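Notes follow the structure.
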2 protein chains.
Amino acid sequence: MTKTETRIQKKNQAAILAAGLKVFSQYGFRGSTLDQIAKEAGLSKPNLIYYFASKDLIYKALLDRLLENWMEPIYQIDATGDPVEELIGYARRKLTMSQNYPAESRLFANEIIQGAPQIGDALRGELRRVVKKTASTIDAWVAAGRIQPVNPYHLIFSIWSITQHYADFDVQVKAVMGPEDPFPSAQDYLENMLRRMLTASPGASG
Amino acid sequence: MTKTETRIQKKNQAAILAAGLKVFSQYGFRGSTLDQIAKEAGLSKPNLIYYFASKDLIYKALLDRLLENWMEPIYQIDATGDPVEELIGYARRKLTMSQNYPAESRLFANEIIQGAPQIGDALRGELRRVVKKTASTIDAWVAAGRIQPVNPYHLIFSIWSITQHYADFDVQVKAVMGPEDPFPSAQDYLENMLRRMLTASPGASG
DNA sequence: CGCTAATTTTACCAGCTGGTCAAATCAACG
DNA sequence: CGTTGATTTGACCAGCTGGTAAAATTAGCG
């Protein structure tokens, strides 16, 4: 009764979501058209509307799916693990996501720049909560003297911004660096940065 | 002969550019409409077209003006100055720009995410050149043992991404941190990060 | 095969979009 | 105050936009 999904439905819904991701991530919600998405998906416009009743619904479906994947890496931080390695691991997972899902990263960026009309609630709810919890973990690590004093919120923001930069600003990265793949050296840089930031420094105490 | 700009022209062109900035920075080029911009500028659409013959021209005028301002801070890095202070100063200038010109930052972000159709040439030309020069400066500082070894390209990217994050992802920053102004603590964080990254570490030699 | 429900297509629409054109109004200079 | 050029407006348009309705086609099942 519940499993009414046909083979064709699955195929076409997947094609539409893939097409929507490609188009929305580049042009944003308002800059994208159903014709564009339909063409990209290899369907006629009314046929597309047969699967998703409106442009809005495609967009919402994409963002729902995205939000889960996007927040997952932060949940994997283990408060009982080694602080430096946990944070480096987190940064590595985020960077890998930028590398493997650049369109998703740009979709997210577009939504936020536009003012987060769809996912604002999730940001102020679940995201805020998990970041707060992670910040507590980091603060505890600092209090225990296991890492250098650091503002946990800005530490997290800097991990987000650096890792997403390679997806969102990909064109600029390539313009500046040339065709060379930036990800391997970016990973080294990030790891290095976090290690130096978090590891006890020599003389200075404050 | 050349100075044919009337008082009204100046006023209306400025109003159109301000309106265009506001609208384009939020919705991107394709997601923005002339009606929206005209309304925001307090003009009728034909009147707007009287000053800028097309939507494209408004957008191009904005990006031209933006590019200059955007690159200026990097030109101020002084190869003969103190390395750590020069780089911290650069980061501070970029952060201040994000704080004072968030719409400009988002306009730039939108243009890049969209694939930089307008400013791609400038990125591959002037930007690439000045970054290359700055990278040489940083490499020289490393070679002279004045800062820790670091990949200069990724160092620059990380300064760009972190500073712009507070403008582009402003909604997310506020969602996570609450209404508190993030800029003062962000500046502390950034300075701290750069200082720890660039300053000689204790034991390890490599 | 023959039937039914799922899928696809064709034709269409109202409102928006970027932009035009000519007429009307206004500013400012002599 | 009149005239000339700058500015503004109202009416308009072709093509695009999100979406509809109904007919035509196809898939899958017995």
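Given the structure is predicted, the values throughout are model-derived calculations rather than measurements. Computed over heavy atoms, backbone and side chain alike; hydrogens, waters and symmetry mates excluded. Chain A is the first sequence line, chain B the second, and so forth, proteins listed ahead of strands; every chain is numbered from 1.
For A:D170 and A:K174, the salt-bridge test passes: some basic side-chain N is under 4.0 Å from an acidic carboxylate O. Taking 4.0 Å as the cut-off between side-chain N and carboxylate O, A:K45 and A:D35 count as a salt-bridged pair. Checked for salt-bridge contact, A:K60 and A:D56 meet the test: a charged N lies under 4.0 Å from a carboxylate O.
Against DNA chain C, the stretch residues 41-61 of chain A makes heavy-atom approaches under 4.0 Å through A:S44, A:P46, A:N47, A:Y50, A:Y51. Within a heavy-atom distance below 4.0 Å of DNA chain C, the residues of residues 12-27 of chain A found are A:N12.
Along DNA chain D, the stretch of nucleotides lying under 4.0 Å from any heavy atom of chain A spans, 5' to 3', D:dT17 to D:dG28.
In this structure a side-chain-to-backbone donor-acceptor pair under 3.5 Å is present from A:R106 to A:A167. Using a distance-only test at 3.5 Å, with no hydrogens or angles considered, a donor-acceptor pair links the side chain of A:T137 to the main chain of A:K133.
The aromatic rings of A:H165 and A:F169 sit parallel, their planes meeting at an angle under 30°, below the 60° perpendicular limit.
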Residues 23-34 of chain B side chain polar contacts: donor-acceptor under 3.5 Å, at least two apart:
{"residue": "B:S25", "atom": "OG", "partner": "B:L21", "partner atom": "O", "Å": "2.8"}
{"residue": "B:S25", "atom": "OG", "partner": "B:K22", "partner atom": "O", "Å": "3.1"}
{"residue": "B:Q26", "atom": "NE2", "partner": "A:Q114", "partner atom": "O", "Å": "3.2"}
{"residue": "B:R30", "atom": "NE", "partner": "A:G31", "partner atom": "O", "Å": "3.2"}
{"residue": "B:R30", "atom": "NH2", "partner": "A:G31", "partner atom": "O", "Å": "2.9"}
{"residue": "B:R30", "atom": "NH2", "partner": "A:Q36", "partner atom": "OE1", "Å": "2.8"}
{"residue": "B:S32", "atom": "OG", "partner": "B:V23", "partner atom": "O", "Å": "3.4"}
{"residue": "B:S32", "atom": "OG", "partner": "B:G28", "partner atom": "O", "Å": "2.6"}
{"residue": "B:T33", "atom": "OG1", "partner": "B:Q36", "partner atom": "N", "Å": "3.1"}

Donor-acceptor contacts under 3.5 Å from residues 116-127 of chain A side chains, at least two apart:
{"residue": "A:D121", "atom": "OD1", "partner": "A:R124", "partner atom": "NH2", "Å": "3.3"}
{"residue": "A:E126", "atom": "OE2", "partner": "A:Y75", "partner atom": "OH", "Å": "2.7"}

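A:W141 approaches A:D78 most closely through the heavy-atom pair CZ2-O, 3.6 Å. Between A:I112 and B:D168, the closest heavy-atom pair is CG2-O, 4.1 Å.
Counting heavy-atom neighbours within 6.0 Å of B:F183 CZ, excluding the residue itself, gives a total above 12.
A:Q9 has no side-chain polar atom (N or O) that falls below the 4.0 Å cut-off from OP1 or OP2 of C:dA6.
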Collect all protein-nucleotide pairs involving nucleotides 26-30 of chain C in which both atoms are nitrogen or oxygen and the distance is under 3.5 Å.
{"residue": "C:dA28", "atom": "OP1", "partner": "B:R7", "partner atom": "NH2", "Å": "2.9"}

Set out, in order, the CA-CA distance, both residues' side-chain angles and the distance that settles side-chain contact (heavy atoms from CB on, under 4.5 Å) for A:Q76 and A:E72, then state yes or no. CA-CA 7 Å; A:Q76 293 180 37; A:E72 209 218 311; 2.9 Å; yes
